[in-house]
Amino acid sequence: MALYSEKVMDHFRNPRNVGKLDDADGIGEVGNARCGDIMKMYIKVKDGVITDIKFNTFGCGSAIASSSMATELIKGKPIEQALELTNKAVVEALDGLPAHKLHCSVLAEQAIRAAIKDYYDKNGIEYDPADFPEDDGHDPHGEE
C-alpha cells in the first residue's frame with residue numbers, strides 16, 4: 001500500500017488556492033517549530049460567506065495537501081460552516097494521511113480558525129471564544 005493516497009499526491013502536486021490575497025479580510029498563520037510546517041491562510045468574506053481563500057505553506061507534502069484540501073472544503077461556504085471544519089474532515093477528504101502526518105491536518109484547521117478570528121477581530125464581530133481555543137501547548141506529534 002502506498003504511503004500517500006492519490007488525493008494527497010494530487011493536492012501536493014497541483015495545490016489549489018495557492019497564493020496571497022493582498023486585500024484579505026482575515027489572515028491566520030500557524031506553525032509547528034518542531035516539524036517546521038508553517039501555514040498562512042488568507043480569506044475574503046462577503047455577506048458572511050468566504051468568497052475567496054488562498055494559502056502559503058512552508059512544509060512537507062502532507063502540509064501542502066492539507067492546506068489545499070482545507071481551502072477547497074470551505075471556499076464559498078458561510079463562516080459558520082467553515083468553523084465546523086475539522087482536521088478529521090480534511091484527512092477523510094484526502095483519503096487518509098499517515099499517522100505521523102496527522103498534525104498537518106490539525107495545522108490546516110488551526111490556520112482557518114486563525115484567519116476567521118482575525119476577520120472577526122478586524123470587524124468588531126462578537127464570537128464565542130470556545131470557537132477559538134488558545135494554544136494549549138499540545139504537541140500534535142505527541143512529543144510534549
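When a residue number appears, it is its place in the shown sequence, counting from 1.
Here salt bridge (Lys or Arg N to Asp or Glu O under 4.0 Å) pairs that include residues 59-70, with residues two or more places apart or in two chains, number zero. Within the structure, every pair that satisfies the salt bridge (Lys or Arg N to Asp or Glu O under 4.0 Å) test and touches residues 120-133, not counting sequence neighbours, is listed here: K117-D121, D118-K122. For residues 58-83, every residue pair satisfying the side-chain hydrogen bond (donor to acceptor under 3.5 Å, both in side chains) rule, not counting sequence neighbours, is listed here: H11-S68, N17-T71, N17-E72, N17-K75, T57-S67. Pairs passing the salt bridge (Lys or Arg N to Asp or Glu O under 4.0 Å) check and including a residue from residues 106-115, sequence neighbours excluded, read E109-R113.
Between P15 and V18 the shortest side-chain heavy-atom distance falls below 4.5 Å. Side-chain atoms of T86 and V90, non-hydrogen and from C-beta on, never get closer than 4.5 Å to each other. Looking at heavy atoms from C-beta onward, I79 lies in side-chain contact with Y119 at the 4.5 angstrom threshold.
Every residue meeting the ring-ring contact (aromatic ring centres under 6.0 Å, His included) condition with Y127, not counting sequence neighbours, appears here in chain and number order: Y120, F132. With sequence neighbours excluded, no residue forms a side chain to side chain contact (heavy atoms under 4.5 Å, CB included) with E92. With sequence neighbours excluded, the residues forming a side chain to side chain contact (heavy atoms under 4.5 Å, CB included) with V91 are L97, L102, S105, listed by chain and number. For E29, the salt bridge (Lys or Arg N to Asp or Glu O under 4.0 Å) partners at least two apart in sequence or on another chain are K40. Taking the salt bridge (Lys or Arg N to Asp or Glu O under 4.0 Å) definition, one finds that R13 meets it with nothing, sequence neighbours left out.
Shown here for C104 and D37, the closest heavy-atom pair between the two residues is SG-OD2, 3.6 Å. Between G59 and I64, the shortest heavy-atom distance links the atoms O-CD1, 3.8 Å. Closest heavy-atom contact between V8 and A65: O-CB, 3.6 Å.
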Show me, pair by pair, the donor-acceptor contacts under 3.5 angstrom made by side chains of residues 41-56, not counting sequence neighbours?
from : atom 1 : to  : atom 2 : distance (Å)
K44  : NZ     : D23 : O      : 3.1
T51  : OG1    : K44 : O      : 3.3
N56  : ND2    : G19 : O      : 3.4

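Summarising the geometry, atom CE belonging to M69 is positioned 13.0 Å from atom CD1 belonging to I74; distances are rounded to the nearest 0.5 Å. Atoms CG and CG, from D10 and D95 in turn, are 11.0 Å apart once rounded to the nearest 0.5 Å.
If you check the side chains of N87 and H103, you find no donor sitting under 3.5 Å from an acceptor.
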Practice item. Kindly indicate, with the supporting measurements, whether the criterion side-chain contact (heavy atoms from CB on, under 4.5 Å) is fulfilled by K101 and Y4. Key: CA-CA 10 Å; K101 293 294 184 177; Y4 296 106; 3.7 Å; yes
